[in-house]
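Heads up: the structure comes next, in structure tokens.
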Amino acid sequence: MSAAPAEDQVRQWESEQAHLRQQLVEDDTEAWQQNPDFSGLQRVGGVDLSFIKGDDVNACAQLVVLSYPDMELLYEDSQMVTLTAPYIAGFLAFRETPYLLEALQRLKKNQPELLPQVVFVDGNGLFHYREFGLACHLGVLSGLPCVGVAKNLLQVQGVYKSEEHQSQIAALQKGGDSFPLTAASGKVLGKALRSSDKSVKPVYVSVGHKISLDTAVRLTHSCCRYRVPEPIRQVPDDAAKDLKTKKTKGQQVQKIRPCVCVRNRVNVCMH
DNA sequence: GCGACAG
DNA sequence: ATCTTGTCGC
């Protein structure tokens with residue numbers, strides 16, 4: 001009756017990742033992905049969880065949907081959630097996926113016509129210890145094409161922050177330039193991408209689900225005004241700010257955003 | 001003991 | 001993930 005020791009939990013999670021991985025699709029499956037200008041792509045999504053300083057249990061799960069290519073906000077959903085799983089490198093999905101999935105399901109139920117055609121995820125996809133990071137996990141469970149974008153390099157499978165790596169970064173001349181992150185096995189797990197002309201520090205793009213690496217990199221670049229792709233950059237702003245502001249006032253975290261908050265700039269709000 | 005460690 | 005200050009540049 002006792003809780004499973006952390007070690008057993010991790011072992012079970014590994015097994016679940018291996019199982020779900022069988023359903024992973026690493027290629028382009030959508031028509032728009034073939035088009036040079038992505039014509040046919042109209043909605044891109046972004047998901048993320050925001051925290052406040054001393055609290056790693058309560059978080060704000062957020063989903064935004066932006067128009068493509070204009071990057072205008074079409075839909076936003078922020079929901080306070082209480083996390084159950086701890087953060088363990090390599091198992092981020094077990095901590096965050098449930099709440100990101102819930103947000104996608106709320107959208108599907110309420111305004112299915114606004115479902116994104118691809119979702120940007122804060123974290124890695126295939127570029128992962130067992131080639132099944134958060135972006136893959138969410139992709140398989142949601143069935144939606146997903147792209148993993150990490151802001152920091154995960155040193156895994158023989159990919160290191162070596163001198164060589166640093167010089168490859170220095171060689172990225174302009175936005176859109178990239179170089180492959182190759183595992184010891186020889187497989188390319190992702191790409192370091194200079195996402196805009198102004199940013200020097202690259203982002204690390206990898207396949208989540210139903211999209212090829214090259215398409216994922218090209219799409220990521222086309223969604224970047226700054227270093228971080230708009231769909232996941234536009235998330236933290238208002239909801240997270242609210243979170244901080246109201247926390248300062250001494251209110252209870254759970255009451256900050258007790259219900260789904262949706263802003264819809266395309267269709268009239270439903271009542 | 002030291003270094004690593006997506007978010 | 002989050003914190004913090006100033007600072008440099010357009």
Side-chain angles (χ1 to χ4, degrees), chain A residues 6-7 10 13-14 17 21 46-63 78-101 103 119-139 146-162 165 181 183-184 189-193 195-209 213 216 220 225-229 231-248 253 256:
Chain A
E7 203 170 297
V10 163
W13 281 348
E14 282 180 347
Q17 287 178 331
R21 199 186 179 314
V47 291
D48 190 26
L49 253 59
S50 304
F51 296 81
I52 51 178
K53 60 171 185 180
D55 189 345
D56 57 345
V57 168
N58 297 294
C60 185
Q62 305 175 78
L63 162 66
S78 296
Q79 172 71 55
M80 284 307 303
V81 297
T82 300
L83 307 190
T84 54
Y87 168 64
I88 300 176
F91 302 94
L92 180 61
F94 294 93
R95 177 166 164 81
E96 302 196 349
T97 295
Y99 313 100
L100 303 180
L101 254 183
V119 179
F120 282 92
V121 179
D122 218 328
N124 293 303
L126 267 185
F127 186 44
H128 176 268
Y129 302 87
R130 292 163 297 281
E131 296 178 24
F132 200 75
L134 175 59
C136 299
H137 207 115
L138 185 67
C146 285
V147 176
V149 180
K151 295 184 285 294
N152 293 293
L153 178 69
L154 184 61
Q155 303 192 126
V156 64
Q157 293 205 33
V159 178
Y160 301 114
K161 255 191 287 196
S162 59
H165 181 81
L181 303 166
L189 299 181
K191 286 192 173 182
L193 167 72
S195 47
S196 74
D197 288 333
K198 288 192 167 187
S199 59
V200 170
K201 185 176 180 180
V203 292
Y204 300 93
V205 179
S206 59
V207 169
H209 188 49
L213 179 57
T220 300
R225 286 220 253 271
Y226 305 103
R227 179 174 174 246
V228 175
I232 48 188
R233 191 186 73 88
Q234 293 200 18
V235 165
D237 282 19
D238 44 281
K241 197 178 296 175
D242 264 28
L243 228 158
K244 292 174 200 163
T245 307
K246 302 195 175 179
K247 169 78 176 204
T248 308
V253 174
I256 292 173

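Nothing here was measured: the structure is a model prediction, and the numbers come from that model.
As judged by a 4.0 angstrom heavy-atom cut-off over every strand, Gly90(A) is placed among the base-contacting residues. Nucleic acid contact for Asn124(A): base, since at least one base atom lies under 4.0 Å from a heavy atom of the residue. Across all strands shown, Phe91(A) has heavy atoms under 4.0 Å from base atoms, whether or not it also approaches the sugar-phosphate.
Annotation: dG1(B) and dG6(C) have their P atoms spaced 38 Å apart (nearest Å). Nucleotides dT4(C) and dG3(B), compared at atom C1', are 25 Å apart to the nearest Å. Taking atom C1' in both dC2(B) and dT5(C), the straight-line distance is 31 Å, to the nearest Å. Using atom P as the reference point in both dC3(C) and dA4(B), the two lie 25 Å apart (nearest Å).
Proximity of Lys151(A) to the phosphate of dA1(C): a side-chain N or O atom is located under 4.0 Å from OP1 or OP2. At dC5(B), none of the side-chain N or O atoms of Asn152(A) fall inside 4.0 Å of OP1 or OP2 (strictly under the cut-off). Within the structure, every side-chain polar atom (N or O) of Tyr204(A) is placed at least 4.0 Å from both OP1 and OP2 of dA6(B).
Test Val149(A), Val205(A), Leu193(A) against Pro229(A) for side chain to side chain contact (heavy atoms under 4.5 Å, CB included) and you get one pass: Val149(A). Between Tyr99(A) and the options Leu63(A), Val47(A), Val81(A), Thr82(A), a side chain to side chain contact (heavy atoms under 4.5 Å, CB included) holds for only Val81(A).
Using the six-membered ring where Trp is involved, His137(A) and Phe132(A) have ring planes that are tilted, between 30° and 60° apart.
Put simply, CG on Leu154(A) is 11 Å from C1' on dG7(B), counting in whole angstrom units. Per the geometry, CD belonging to Glu96(A) stands 12 Å off P belonging to dA6(B), to the nearest Å. For the pair Leu153(A) CG and dG7(B) P, the computed distance is 10 Å after rounding to whole Å. Across the protein-nucleic acid pair, Leu100(A) atom CG and dA6(B) atom C1' stand 13 Å apart, rounded to whole Å.
Between His128(A) and Val156(A), the closest side-chain pair of non-hydrogen atoms is not below 4.5 Å.
Centre separation under 5.5 Å together with a plane angle under 30° does not hold for the ring of Phe127(A) and the six-membered base ring of dA6(B), so they are not marked as stacked.
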